[in-house]
Amino acid sequence: MAMAMGWFPTPFTRTTTSIINCTNHHPHHALDASYVKRAALLSDKSACFTSPHPNFGCVIATTGNVVGEGYLYAQGTTPAEVQAVEAAGEFCRGATAYVNMEPGDCHGDYTAVSAFIKAGITRVVIGIRHPLQHLRGKAIQSLRAEGLQVDVLGEDIRSISIEDALKSCLVVNAPLLYRSACRVPFSVLKYAMTLDGKIAATSGHASWISNKESRSRVFELRGRSDAVIVGGNTVRKDNPRLTPRHGGGHLPMRIVMSQTLDLPEVANLWDVREVPTIVATQRGARKSFQKFLASKGVEVVEFDILNPKDFVDYLYDRGYLSILWECGGTLSASAISAGVIHKVHAFVAPKIIGGKNAPSPVGELGMVEMTQALELIDLSYEQKAPSKPPHLQDVKFLSGQTNGSEHHNTPPTGTIGSDVLISGYLQPIPDLTPIIPSVDETSAIDPSISPYDAPIIFFYKTWDPYGSFSNFSPHPIRLPDENGDYVTWSSVEHYYQAHKFVGSSNPNALSYIEAIRSAKSPEEAARMGRKTQREHPDTVRADWESKKTEVMYKALKCKFSIYPHLNSMLLSTSGCILVEASPHDLFWGGGRDGEGLNYLGRLLMKLRSEFLGDDDTHKPEISARY
Ligand SMILES: NC(=O)C1=CN([C@@H]2O[C@H](COP(=O)(O)OP(=O)(O)OC[C@H]3O[C@@H](n4cnc5c(N)ncnc54)[C@H](OP(=O)(O)O)[C@@H]3O)[C@@H](O)[C@H]2O)C=CC1
Ligand SMILES: Nc1c(N[C@@H]2O[C@H](COP(=O)(O)O)[C@@H](O)[C@H]2O)[nH]c(=O)[nH]c1=O
């Protein structure tokens, strides 16, 4: 197979190392850069515990002293900026706030911006502008309009000393930047190979090449991903589990790509009690086996032709931000050729296994000359802490390259024993700021362009336009319980999940309700509610199926009544069909191809009619498709 030249989809990317052309040094710039970098590192703290989401960190400082810090734990939890302001208290007056990324404020309530303004912050230093077009520049504009000085790295502050901080900001939100620029999820290929470049013995046996420390590092990488992918042959040879066993909370989806569907009937991946599995295959492949998988609770997705490009497009549509490829060389070659792999982590073990036919990490790429080799950029090397003075070290680090790492998809903790980890990018992280204009700028260029004039409004992730319609949006609600006492719920999701157990006669129900109510994020509330329902169906209230839409409606009505800006946003959609674009949830969501029942969208439309005083019964039926 010949590889086409120029197949990387990076029309508006540039390497992070070439961003700063200007070489002036300024002492304040160095301080600014160090705090922005600190904000970036802080923002990464929730990795492994919550599903990948935009990472925000905030540091507030006065004349060289940090007075407050915070980072976003998960979608829907207290914004980093608000936490930092709360921690700094009175010290905010006249202080500077440092953030790795422009605040999103995607819910229209300008929480981060107003926290800075109210607290008396006078200057804000921002690492990168928000990568999503509908949010980019919004917070910067609002802050400047209120008289705060806003400096953006690379725009208002141009100096060589900010390069490293800027890079940290890009790396820590690399998944969002790739997603936003290339419309694909961020894909990382990870493999473990022997010193002679084999990922298994000739027999196919591969457990284990890398050592225990490296493998626990892989668990962390899994915890930072939305999905882990292997090929059919890895399932046949390894019977993998693909779970993160690092003690974090986030469990990625496990995915098998198999064209033939010639897979074993007994496999760890078919046990979906703890973690779900998707099998992607070709249309019509082994229908009886598809039925078997479905009976095990495994989701089967058919493609006309199964290939990595179409598959990542599909995962993009499903809202995935970050994918870890843990396949063998056959599928990895296919994925690299398709241009979908952005980053590589190679664990190299000091072992030699030999074998002319033993597999290697990347199969056939069709290259015949070394000049065609793909060169990785932004390299990092990691190995055991030196036990000898550097000049006697066996492994030397090339100048200008970093040893160790602190970045997204390269967890910073622990060592990897006698193995070496080499990481680098196959494609530069997109730096969007100067290339794509913001919504305001776009309208200035062409006032007829409006991104929101579609008759069907889709919503799903909370940072999307209309993301506040999601039950994961960070809008606490307060409703009376069965005794009439008011209870506060951190989100509609918390309320909904907990109410599966309200009124249940099971003695454990109360503790489940309380645990869900105290969940730190809507994601955790959802995970706890679903897991408890699956594992202890006897604790679910008997009338749940017939009452769940009523419960949801009550929570939505409360949310859209108490937040005026949400109410206005809902009413502003009058005349539009609202669809929760969840491809997974075919009851509340609309499904990938409109096959879902979209009950969340329907309830929001019903609520909108109620607020507008329309009589629903006189309206035409909303199409069954939505
Ligand atoms: N050391 C390490 O890091 C790792 C080692 N391994 C080892 O590698 C060996 C397996 O390697 P390998 O055979 O390359 O396994 P892969 O994981 O690459 O699986 C290959 C299979 O992927 C499926 N596939 C689906 N779509 C495509 C596509 N478009 N292009 C290519 N393949 C596709 C096919 O499955 P089907 O045939 O079902 O249609 C194909 O046979 C095992 O011995 C395993 O132990 C595996 C992973 C990591
Ligand atoms: N052999 C090998 C790896 N193999 C990868 O790990 C998978 C097994 O995962 P699990 O069943 O969850 O422990 C296996 O299928 C393959 O994808 N990984 C490594 O870090 N080091 C190793 O030496």
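Please read all numbers here as calculations on a predicted model, not as lab measurements. No hydrogens, no waters, no symmetry mates; every other heavy atom, side chains included, goes into these values. Whatever order the structure lists them in is the order used to number ligands and atoms, beginning at 1.
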Taking a cutoff of less than 4.0 Å between a non-hydrogen atom of the residue and any ligand atom, is Arg222 in contact with ligand 2?
yes
Can you report which non-hydrogen protein atom sits closest to [atom], along with the distance?
atom: atom 23 (O) of ligand 2; answer: Ile209 N, 2.7 Å
atom: atom 8 (C) of ligand 2; answer: Pro240 CB, 3.8 Å
atom: atom 3 (C) of ligand 2; answer: Lys190 NZ, 3.8 Å

Counting from 1 in the order shown, the ligand 2 atoms closer than 4.0 Å to a non-hydrogen atom of Val218 are 20 (O)
Going by the order shown, which atoms of ligand 2 are within less than 4.0 Å of some heavy atom of Thr234?
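Contacts of ligand 2 toward Thr234, numbered from 1: 15 (O), 17 (O).
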How close do Lys356 and Lys198 get, heavy atom to heavy atom, and via which atoms?
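Heavy atoms of Lys356 and Lys198 come nearest at O-NZ, 4.5 Å.
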With sequence neighbours excluded, give me every salt bridge (Lys or Arg N to Asp or Glu O under 4.0 Å) pair touching residues 232-261.
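Listed once each, the pairs would be none.
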Can you check which of Thr234, Thr330, Asn307 brings a heavy atom nearest to atom 10 (C) of ligand 1?
Thr234
Nearest option to atom 13 (O) of ligand 2, as decided by whichever heavy atom of Arg245, Arg241, Met193 sits closest:
Arg245
Side chains of Ser187 and His342: any donor to acceptor distance under 3.5 Å?
no
Can you list the atoms of ligand 1 that are under 4.0 Å from a heavy atom of Glu326?
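Ligand 1 atoms under the 4.0 Å threshold to Glu326: 47 (C), 48 (C).
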Show the atoms of ligand 1 that are less than 4.0 angstrom away from any heavy atom in Tyr191.
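Those atoms are 3 (O).
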Once salt bridge (Lys or Arg N to Asp or Glu O under 4.0 Å) is applied, do any residues pair with Asp313, and if so which ones, sequence neighbours excluded?
Lys309
So is there a nitrogen or oxygen of Asp238 less than 3.5 Å from a nitrogen or oxygen in ligand 2?
yes
Logged contact type for Ser258 with ligand 1, heavy-atom cut-off 4.0 Å, is both
Any idea which part of Asp238 is under 4.0 Å from ligand 1, heavy-atom wise: side chain, backbone, both or neither?
side chain
